[in-house]
*Asks:* 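My questions will all concern the structure given below.
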There are 2 protein chains.
Amino acid sequence: MPPVSVESAAERGIPDAAVARLPGYLRALDTMTASGIASVSSEELAVEAGVSSAKLRKDLSHLGSYGVRGVGYDVSHLRYEISRALGLTHDWPVVIVGMGNLGRALAQYGGFEQQGFSVVALLDHDPEVVGQRVGDLVVQPMTVLPALTGSGVVIGVIAAPAQAAQDVADALVGAGIGSILNFAPSAVNVPDGVQVRRVDLASELQILAYHEQRRVESAESGAPADGTAASASARTVGVAR
Amino acid sequence: MPPVSVESAAERGIPDAAVARLPGYLRALDTMTASGIASVSSEELAVEAGVSSAKLRKDLSHLGSYGVRGVGYDVSHLRYEISRALGLTHDWPVVIVGMGNLGRALAQYGGFEQQGFSVVALLDHDPEVVGQRVGDLVVQPMTVLPALTGSGVVIGVIAAPAQAAQDVADALVGAGIGSILNFAPSAVNVPDGVQVRRVDLASELQILAYHEQRRVESAESGAPADGTAASASARTVGVAR
DNA sequence: ACGCCCTTGTGAACATTTGCACAAAGTCGC
DNA sequence: GCGACTTTGTGCAAATGTTCACAAGGGCGT
Ligand SMILES: NC(=O)c1ccc[n+]([C@@H]2O[C@H](COP(=O)([O-])OP(=O)(O)OC[C@H]3O[C@@H](n4cnc5c(N)ncnc54)[C@H](O)[C@@H]3O)[C@@H](O)[C@H]2O)c1
Ligand SMILES: NC(=O)c1ccc[n+]([C@@H]2O[C@H](COP(=O)([O-])OP(=O)(O)OC[C@H]3O[C@@H](n4cnc5c(N)ncnc54)[C@H](O)[C@@H]3O)[C@@H](O)[C@H]2O)c1
């Protein structure tokens, strides 16, 4: 690491890979709280979160030294420290754009709210959809975006069709949104400094398919299956349907 | 990994990071096909897929040498080669477990089918839900699982509540499912060799929140913003750009 | 048929992430 | 109080992933 002179404790610059795992630790801690557990070792927490204990300790070391050697971590204190590192000490207002099937499901799903986010606005460009009520909110037109960002909304969710995703992203960025969660199955290009994360089921399934294919191929190990014959292998799978 | 001596051309062992990007390339190629584009350079495809061209070329090099120097890649041929590498030369049957809000939405969402997967069964443990019709299928009890795997189903989707996720995973693994896509916000433990991927919106939002927080903090750079005052920061966001 | 020009495929440098192993540090029983 | 025992936090090495930069290769115009 560069010799970052002062650098208070360790508050700045947690590696991306570690940041991506923090929410999992948070969730595991919540589960333990619900079970009435007050203290955990890195080993126990690691199992609950599905990682190795060494990785867990290394990750936590980036946010400071909150464990007690020989004992473990205090569940509620660690929960607080991770929350703070992630910026969840206050709720973040979120806007969802695109009120189709997915947008409605997300708007009504309580999973956000419990985790430090609150859906404060629902937008759609279709005049037919604008004005409809979804849960506690009324769908608004795209033109209100600047007003939303003006009042502090910085996270946007794209739930519009793929071909509209880039337009929506442009509108969000133009209005000052700095972080985007994209459910549309397409990449969006944004300026430097704007964060985009994509959630795509088809991609996830395709990645699983790759691993399944490998398993099938290695199951027929004995046969070198080199060259020509290889292509037939996938068919094998009993798949009677 | 053991040093796999012979290793034909490049068919085996594509790095995980590359595999995770292949679906994105596939999607980008589909978009180009729809636009009537027959040939692309790595640079153009990289922009469409949202990666750097060097990364794209390196990734593709793991599946073979399918480009033409000075020209680029033939869209339909590259599409085929990526499909083949991912194991998408045939459809994969999928079972969804948990027919609540999310399960129903997934079952009726066409996004799977277009991409090489077909939902062949819907399961739930609740007798009230079993027998209901969702789209073209009737919800079946958990007891049919072994029959499904017997006929070739190897990919399962968990759309049950978090506290049931481990039980469902155990049932899936016990029946012979080898790959699981888990939508419940909890980690599941499975034996070696079983693949699990998790999709969790709250985690994604929390990761975005971390980056937003950093942006806010660096905006108030001069001020150390240590301790107490920090919590007010988020409201600020002048985000004039 | 030749050479120019363009883009691929890849070796090598660099960066990040993971895993190991253990000294440091604290608790708890006695 | 003190020593034995437990578990953290971390230095280091290995593995994995990314970026750079360019030689090799192939088409296309002439
Ligand atoms: N339905 C699912 O289960 C599901 C699951 C995963 C991903 N997705 C993806 O999510 C996206 C939305 O899916 P859906 O089923 O809700 O689609 P949908 O067609 O039901 O809804 C899309 C909504 O977006 C609005 N919209 C279109 N263009 C817009 C624009 N430029 N600005 C603002 N709003 C616009 C439309 O008016 C419509 O209300 C799609 O990209 C889809 O692939 C859907
Ligand atoms: N609703 C959403 O928009 C959404 C979005 C993201 C993630 N999720 C997550 O997806 C999961 C399901 O959400 P939901 O809203 O559909 O919940 P839900 O309560 O509507 O549905 C859950 C279904 O699972 C069934 N089930 C429960 N235990 C089971 C078991 N052991 N075996 C088989 N089936 C069982 C129930 O009978 C019920 O039909 C949850 O973990 C939720 O956090 C939901």
Side-chain angles (χ1 to χ4, degrees), chain A residues 1-4 7 9-22 24-25 29 32 37-75 77-78 81-82 85 192 207 210-211, chain B residues 1-4 7 9-22 24-25 29 32 37-75 77-78 81-82 85 192 207:
Chain A
M1 296 308 117
V4 201
E7 188 76 47
E11 193 61 23
R12 237 141 263 274
I14 303 170
D16 283 349
V19 170
R21 285 185 293 265
L22 293 181
Y25 304 153
L29 288 169
M32 313 208 116
I37 297 168
S39 172
V40 272
S41 68
S42 62
E43 185 56 38
E44 296 164 328
L45 187 55
V47 169
E48 180 68 33
V51 301
S52 73
S53 63
K55 206 187 273 183
L56 171 72
R57 287 201 300 278
K58 178 84 79 174
D59 287 349
L60 294 184
S61 76
H62 292 112
L63 20 140
S65 191
Y66 302 117
V68 179
R69 293 171 189 228
V71 177
Y73 301 87
D74 178 79
V75 172
H77 183 223
L78 184 57
E81 291 296 346
I82 296 178
D192 274 6
I207 295 166
Y210 170 79
H211 293 292
Chain B
M1 297 304 121
V4 201
E7 189 75 49
E11 192 61 23
R12 236 145 264 274
I14 302 170
D16 284 349
V19 170
R21 285 186 293 265
L22 294 181
Y25 303 154
L29 288 169
M32 313 209 114
I37 298 168
S39 173
V40 272
S41 67
S42 63
E43 184 57 38
E44 295 164 329
L45 186 55
V47 169
E48 180 68 34
V51 301
S52 73
S53 63
K55 204 187 271 182
L56 172 72
R57 287 200 302 277
K58 178 81 78 174
D59 286 349
L60 295 184
S61 76
H62 292 111
L63 19 139
S65 190
Y66 301 117
V68 179
R69 293 172 190 230
V71 176
Y73 301 86
D74 178 78
V75 172
H77 183 223
L78 184 57
E81 291 295 345
I82 295 178
D192 274 7
I207 294 165

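We name chains A, B, ... by the order of the sequence lines, and we start the count at 1 in each one.
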*Asks:* Can you check whether Ile14(B)'s main-chain N or O pairs, donor with acceptor, with Tyr210(A)'s side chain at less than 3.5 Å?
*Replies:*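 Confirmed, Tyr210(A) side chain pairs with Ile14(B) backbone.
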*Asks:* Roughly how many Å is it from CG in Leu63(B) to C1' in dT8(C), rounded to a whole number?
*Replies:* 14 Å
*Asks:* Side chains of Leu60(A) and Tyr73(A): does their closest heavy-atom pair fall under 4.5 Å?
*Replies:*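 Sidechains of Tyr73(A) and Leu60(A): in contact.
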*Asks:* Using whole Å, what does the distance between atom C1' of nucleotide dT8(C) and atom CG of Leu78(B) come to?
*Replies:* 12 Å
*Asks:* Rounding to a whole Å, what distance do you find between His62(B):NE2 and dT16(D):P?
*Replies:*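 Taking atom P of dT16(D) as the reference, NE2 of His62(B) is at 12 Å.
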*Asks:* As an exercise, state the distance from NE2 of His211(A) to CG of Asp16(B), rounded to the nearest 0.5 Å.
*Replies:*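 It is 5.0 Å, given to the nearest 0.5 Å.
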*Asks:* Quick one: pull up OG in Ser42(B) and NZ in Lys58(B) and give me the separation to the nearest 0.5 Å.
*Replies:* 13.0 Å
*Asks:* Rounded off to whole Å, could you give me the CG-to-C1' distance for the Asp59(B) and dT16(D) pair?
*Replies:* 13 Å
*Asks:* For Leu22(B) and dG17(D), give me the distance from atom CG to atom P, rounded to whole Å.
*Replies:* 13 Å
*Asks:* Would you mind reading off the distance between Leu56(A) atom CG and dT10(D) atom C1', rounded to a whole angstrom?
*Replies:*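 Going from CG in Leu56(A) over to C1' in dT10(D) covers 14 Å.
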*Asks:* Could you give the OH-to-P distance, from Tyr25(A) to dT8(D), as a whole number of Å?
*Replies:*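 Checked: the OH to P distance equals 13 Å.
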*Asks:* Rounded at 0.5 Å granularity, tell me how far NE2 in His77(B) sits from CD1 in Ile82(B).
*Replies:*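 One gets 10.5 Å once the value is rounded to the nearest 0.5 Å.
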*Asks:* Answer yes or no: does a side-chain N or O of Tyr73(A) lie under 4.0 Å from OP1 or OP2 of dG9(D)?
*Replies:* yes
*Asks:* Of all the choices, dT17(C), dG9(D), dG9(C), which nucleotide is nearest to the side chain of Ser61(B) once you look at every atom?
*Replies:* dG9(C)
*Asks:* I need the Tyr25(A) OH to Leu45(A) CG distance, nearest 0.5 Å.
*Replies:*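 Spacing of OH (Tyr25(A)) from CG (Leu45(A)) equals 8.0 Å.
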*Asks:* Suppose we screen for side-chain contact (heavy atoms from CB on, under 4.5 Å). Which residues come up paired with Val68(B), at least two apart in sequence or across chains?
*Replies:* Val71(B)
*Asks:* What's the spacing between Leu63(A) CG and Leu78(A) CG if we round to 0.5 Å?
*Replies:* 7.5 Å
*Asks:* Take atom CG of Asp74(B) and atom P of dG27(D), then tell me their distance rounded to the nearest Å.
*Replies:*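 Rounded to whole Å, this separation is 13 Å.
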*Asks:* Reading nucleotides 19-27 of chain C 5' to 3', which nucleotides get B (base under 4.0 Å from a protein heavy atom), which S (sugar-phosphate only), which -?
*Replies:* B-B--BBBS
*Asks:* If you round to the nearest 0.5 Å, how far is CG of Leu22(A) from CG of Leu56(A)?
*Replies:*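 Here the rounded value is 9.5 Å.
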*Asks:* Which of residues 38-46 of chain A sit near DNA chain D, with a heavy atom under 4.0 Å from it?
*Replies:*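 Heavy-atom cutoff 4.0 Å gives Ser41(A), Ser42(A).
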